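Structure first, commentary second.
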Amino acid sequence: MPALDDSVQFVKGVGPKKAKLLEKLHIATLRDMLETYPRDYEDRSHPVRIADITEEGKYAVRAVVGVEPKVSRIRKGLTLVKCTVFDESGTLAVTYFNNPYAAAQLRVGQEYLFYGRVQGTGRARVLVSPQAEKMAGGEDSPGRIVPVYPLTAGLTQRDMARVAEAALAAVPGEWPDPLPMVLRARYRLPDAAEALGAIHAPRTLDDVTEARRRMVFEELFLLCCGLQQLKERRRGEDGIPFAPVDNGWAFWDALPFAPTGAQRRAIGEICADCASGRPMNRLVQGDVGAGKTVVAAALCALAARSGWQAAFMAPTEILAAQHAETLSALLGKLNLSVTLLTGSMTAAQRRAALAAIETGAAQVVVGTHALIQQSVTFHRLGAVIADEQHRFGVAQRAALAAKGHTPHTLVMSATPIPRTLALIMYGDLDVSVLDETPPGRRPVETYAVGKNMRKRITAFIDKQLEAGGQVYVVCPLVEEGEIGLKSAEQHAKDLQAALPHRRVAVLHGRMKNADKERVMRAFAAWEYDVLVATTVIEVGVDVPNANLMVVEDADRFGLSQLHQLRGRVGRGARQSYCVFFGADKGETARARLKTLCRTNDGFEIARADLAQRGPGDFFGRRQHGLPALHVADLAADLALMQSAREEAEAILAADPGLAGYPELRARVQRMFAQRGDEAFN
Ligand code: ADP
Ligand code: MG
């Protein structure tokens, strides 16, 4: 009898080679497999009659092979197998490219359940490279709902199905369920074992929906319990008392501009928190360009003033470098030293930085995830800041805070999210909102265009450059084999050819960090006119002279992401523009992009985005693990989130240590511990 913690290697048909491949998908044991959810399902339970296939699309068809499959060689290295299948309503052509093996399996006169994509209509219909299952039990043997798992090269869906089957077989009869029975009953949720069965071997798509609902509830409930416990624990802790400041604080004089009312208010709240004797845990939320960096700088100055170090963590090297520069300029006036720590530094630079951090010579430390590595020791860490919070997990924040003893914590986010969601994601935080933009900004004029505007936009780019501006061009990440999309490199070449007298640079994810940084710096210093980039520039980088943002294939991005990108311009006094290509890619794409032309309000855009994507992506796949949620489920999920939070509060109010719920307690611990591990990778 296999156990859940057994290696997948011992599943029949797997072996060491495939186990290696499974490991790439983070599947080492049967339990890992159980926790790997399908990314989609194929509904083969409703085969259609051949005569009823009038549109292109994916279909299940029960049909008999009519003639012997015929193999032909189209050209060198490319074979095509053709055959015809029929049911009582008509006939259908089936083809396989370069897969003589699949075709050789087919027997004339045998009935199969085919599943695949039909291309063409009418007489030209072809079922392309379908999966074929022999119909075993004659007339009534039904088709199935088939899970589609994420794969990696060398693995097939069949391999995954085999491991999933073994994993399900290893689920013990008594399977502990972290959700208390009363909650399962109250929300009519299937129990854990049942839900896992339905996820990996559903009988109907409704089973999947129910199971998914349970998993969503479970995950949110565990998260809420954990956050709530964190908050409670902190409430009892002593915070480092920072000395209070008054209006004569030198920080205000160091600022190169008058702070906005919102910045003043947020900084005031921070000062009050830090002087209160309790640890601060605050979120500063403000749309792109609202001026969050200054608020972070204030906390750094406040800490240093009382003799404590501040650590400022940013999600990318480029952003960390830029923050270090901004803070050096500002805090330098107060004679504070700012040190940068990133993963791409040379060994000598790193050693020097680590030493300064450990002795306390570094008063303000700016860095990437590198800050939470084990080798980093602070002398007296009193304040931690996480910028662009949505890029970090709860535990990464916690890991940084653990470098000190109950330091004050500030997280900053530009992602406006609905209140229900915010209450969960930031369940352990107080909130300051920067709802005022610095003066003198003009809204970014935004246009959604199609390919037919290419020439005019290129001319428009040239015109902005002529007037002394700079231009960003963002391209989506292109995966190998995707057609119709241009990579950033290719696009940069084309643009350079179209504008030979301009200086065009390219920046993409596969470049070395040092190179990325060099290019970004050079662009900021106006050594380039145009920066063609993938979304590495999405977060935070500040080049006030840039006044035009062009996004290629904008339909490939989420609305909030596009809004963030747009926030890269409109930072100076010059009128700024944003152009989204992709408006000619169908009605939906056009309507989405039009939303952005209509409004500059991040909250409204986030709402529209959420309605279009479902909340799944807000959590990020890594922390979330569930298949992307579908639009239709959205209303239901928000309600479910609300319930999960209320139930977590209720249970913890009655039993703060979860002593009566051992499985729940263990799972909450595991959830937060896992996130901790991730933080150290
Ligand atoms: P965010 O991080 O909120 O997107 P930043 O902190 O990068 O925004 O600030 C955006 C730009 O606005 C920067 O160039 C910054 O110097 C400038 N800025 C911030 N606050 C003010 C202010 N009160 N007045 C004028 N400019 C400001
Ligand atoms: Mg920022």
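Start at 1 and go down the list; that is how both ligands and their atoms are numbered. Worth saying up front: this structure is predicted, and the values here are computed from it rather than measured.
- Aromatic ring centres of Tyr577 and Phe460: separated by under 6.0 Å.
- Under the 3.5 Å distance criterion, the side-chain polar atoms of Gln309 are matched with a main-chain donor or acceptor of Arg380.
- Here atom 2 (O) of ligand 1 lies nearest to Thr293 when heavy atoms of Thr293, Thr260, Val284 are compared.
- By the 3.5 Å distance cut-off applied to N or O atoms, Phe257 is not counted among the residues near ligand 1.
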List the atom pairs, with distances to 0.1 Å, where a side-chain N or O of residues 240-249 and a protein N or O form a donor-acceptor pair under 3.5 Å, not counting sequence neighbours.
{"residue": "Asp246", "atom": "OD1", "partner": "Gly248", "partner atom": "N", "Å": "3.0"}

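- When heavy-atom distances to ligand 1 are checked against a 4.0 Å cut-off, Gln263 comes that close only through its side chain, counted from C-beta outward.
- Less than 4.0 angstrom separates some heavy atom of Pro259 from each of these atoms of ligand 1: 23 (N).
- For ligand 1, the atoms closer than 4.0 angstrom to any heavy atom of Val288 are 4 (O).
- The ring pair (Phe, Tyr, Trp, His ring centres under 6.0 Å) search around Phe378 returns none, not counting sequence neighbours.
- Across Gly567 and Val288, no two heavy atoms sit closer than the pair CA-CG2, 3.5 Å.
- Heavy-atom contacts of Lys292 reach the following atoms of ligand 1: 1 (P), 2 (O), 3 (O), 4 (O), 6 (O), 8 (O) (cutoff under 4.0 Å).
- Heavy atoms of Ala258 approach ligand 1 to within less than 4.0 angstrom.
- Residue Gly286 places every heavy atom at 4.0 Å or more from ligand 1.
- Heavy atoms of Pro256 found under 4.0 angstrom from ligand 1: none, in either backbone or side chain.
- An N or O contact shorter than 3.5 Å is missing between Val294 and ligand 1 by distance.
- In this structure, a donor-acceptor pair under 3.5 Å is absent between the side chains of Glu237 and Thr406.
- For Ser432 and Glu269, the side-chain atoms include at least one donor-acceptor pair closer than 3.5 Å.
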